[in-house]
Amino acid sequence: MLQGWRNQQLARNLSLGYIEDQERTVRSFARHTDAMPWEWPPQHVDDWSAGLRAVHGCVRSTLRNYQGSVRLFCDFLTNPAYGWVEECMRHFGTHPVQVVHEWNAATHADEAEGEPERRAFTRPELEAFFDYADEQVLRVRGKGRKGWLPAFRDAALFKTTYGYGLRRNETRMLDLTDFGRNPEGPEFGDYGTLQVRYGKAKKGSPP
């Protein structure tokens, strides 16, 4: 079943990392239930979700994503196109059902789901952070140590990330060739524009 689901997701052109995360979640759910998919009732989702919140401290968005993985797996198993219902009835006298429903799953009510105690840096805090990063470059270089170049790289990376509003992976995959001249800002030389080649991908599409 998992292999068939993996093939279906590959056929939809989903990324390998996403597929592996989905499978890992379903395997975790199966271990919790200690039962086969054709034996799962909705109550297994209730118990599993309660443990994720109360024991493991999962945040709302993580819990919703985990439940979504199980929901998608059950959608695959109950889809008549793949024949798993008939196969299980023939061998076990029962079949898989959808166990994640709107009454036992977390809803996505708000676009921003950050916890209220987590906030963005204020401008003075940002300035203090960037100043500290610059000071580390001067401090290390003043001691005659070779580590000032990595410190300088990190300081420049923090400012680039903030200045262009980049995500983590977008920043991680940057290359010098991604910078170029900007006719509207000739004072920046070869670094007036930035092309982000690894932007956030939509499902089934490359970055």
Side-chain angles (χ1 to χ4, degrees), residues 1-6 8-10 12 14-78 96-130 132-133 136 154 157-158 160-162 164-174 196 198-205 207:
M1 288 175 167
L2 283 171
Q3 184 62 51
W5 189 41
R6 179 182 180 86
Q8 183 233 35
Q9 293 179 91
L10 287 171
R12 292 165 55 201
L14 302 180
S15 71
L16 290 175
Y18 175 82
I19 295 172
E20 289 167 359
D21 286 344
Q22 297 282 80
E23 182 176 335
R24 190 179 303 113
T25 300
V26 171
R27 287 186 181 277
S28 174
F29 177 67
R31 285 194 301 270
H32 173 84
T33 65
D34 195 26
M36 291 297 181
W38 51 89
E39 302 170 326
W40 293 346
Q43 289 84 352
H44 279 165
V45 177
D46 300 348
D47 295 340
W48 181 60
S49 300
L52 290 174
R53 285 295 306 279
V55 179
H56 299 285
C58 285
V59 298
R60 292 173 176 82
S61 57
T62 301
L63 177 63
R64 192 182 66 252
N65 289 337
Y66 286 170
Q67 292 170 342
S69 298
V70 176
R71 187 202 303 267
L72 290 173
F73 181 61
C74 290
D75 281 344
F76 167 74
L77 295 183
T78 56
V97 297
Q98 178 57 264
V99 295
V100 182
H101 303 278
E102 60 182 29
W103 64 79
N104 70 343
T107 58
H108 191 186
D110 295 313
E111 187 65 30
E113 294 186 314
E115 297 297 330
E117 57 270 14
R118 297 176 60 187
R119 59 171 178 79
F121 286 140
T122 63
R123 187 173 295 275
E125 288 171 339
L126 277 170
E127 290 176 352
F129 175 73
F130 293 139
Y132 177 81
Q136 298 312 298
D154 292 346
L157 199 62
F158 289 137
T160 301
T161 302
Y162 175 73
Y164 289 97
L166 303 181
R167 298 180 178 89
R168 285 175 296 180
N169 194 57
E170 292 171 347
T171 303
R172 184 175 69 89
M173 301 303 293
L174 285 181
V196 179
Y198 286 84
K200 184 177 181 181
K202 296 181 180 180
K203 285 186 177 180
S205 300

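This chain uses plain numbering: 1 for the first residue, then up along the sequence. Every heavy atom of this structure was used, including side-chain atoms; hydrogens, water molecules and symmetry mates were not.
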Who are the side chain to side chain contact (heavy atoms under 4.5 Å, CB included) partners of Phe130, not counting sequence neighbours? Leu126, Phe158, Lys159, Tyr162
[X] (side chain) donor-acceptor with [Y] (main chain) under 3.5 angstrom:
X: Ser28; Y: Arg24; value: no
X: Asn65; Y: Ser61; value: yes
X: Asp47; Y: His44; value: no

Glu170 vs Tyr164, side chain to side chain contact (heavy atoms under 4.5 Å, CB included): CA-CA, chis, key distance, verdict: CA-CA 10 Å; Glu170 292 171 347; Tyr164 289 97; over 6 Å; no
With a cut-off of 6.0 Å (strictly less than), are more than 12 heavy atoms of other residues, nucleotides or ligands near [atom1] of [X]?
X: Phe73; atom1: CZ; result: yes
X: Phe121; atom1: CZ; result: no
X: Tyr198; atom1: OH; result: no

Mind checking what makes side chain to side chain donor-acceptor pair (under 3.5 Å) contact with Gln3, not counting sequence neighbours?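 For Gln3, the residues satisfying side chain to side chain donor-acceptor pair (under 3.5 Å) (neighbours in sequence not counted) are Asn7.
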Test: Arg123 and Glu127 ion pair at under 4.0 Å: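 Glu127 and Arg123: not salt-bridged.
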Out of curiosity, [X] [atom1] to [Y] [atom2], how far, rounded to the nearest 0.5 Å?
X: Trp40; Y: Leu77; atom1: CH2; atom2: CG; value: 7.0 Å
X: His101; Y: Arg71; atom1: NE2; atom2: CZ; value: 8.5 Å
X: Leu10; Y: Ile19; atom1: CG; atom2: CD1; value: 4.0 Å
X: Leu72; Y: Gln9; atom1: CG; atom2: CD; value: 7.5 Å
X: His32; Y: Leu52; atom1: NE2; atom2: CG; value: 8.0 Å
X: Phe29; Y: Gln67; atom1: CZ; atom2: CD; value: 9.5 Å

Matching residue for Trp48 among Val70, Thr33, Leu63 - test: side-chain contact (heavy atoms from CB on, under 4.5 Å):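 Result: among Val70, Thr33, Leu63, Val70 is the only option passing the side-chain contact (heavy atoms from CB on, under 4.5 Å) with Trp48.
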Can you tell if the side chain of Asn169 reaches within under 4.5 Å of the side chain of Arg172, non-hydrogen atoms only?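 Yes, side chains in contact.
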Would you say the side chain of Met173 lies within less than 4.5 Å of the side chain of Pro207, judging by non-hydrogen atoms?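 No; the side chains remain at least 4.5 Å from each other.
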Between [X] and [Y], which heavy-atom pair has the shortest distance, and what is it?
X: Ala120; Y: Glu125; value: O-OE1, 4.4 Å
X: Val100; Y: Ala105; value: CG1-CB, 3.7 Å
X: Pro96; Y: Thr78; value: O-CG2, 3.4 Å

List the steps and the verdict of side chain to side chain contact (heavy atoms under 4.5 Å, CB included) for Arg27 and Leu2. CA-CA 9 Å; Arg27 287 186 181 277; Leu2 283 171; 3.5 Å; yes
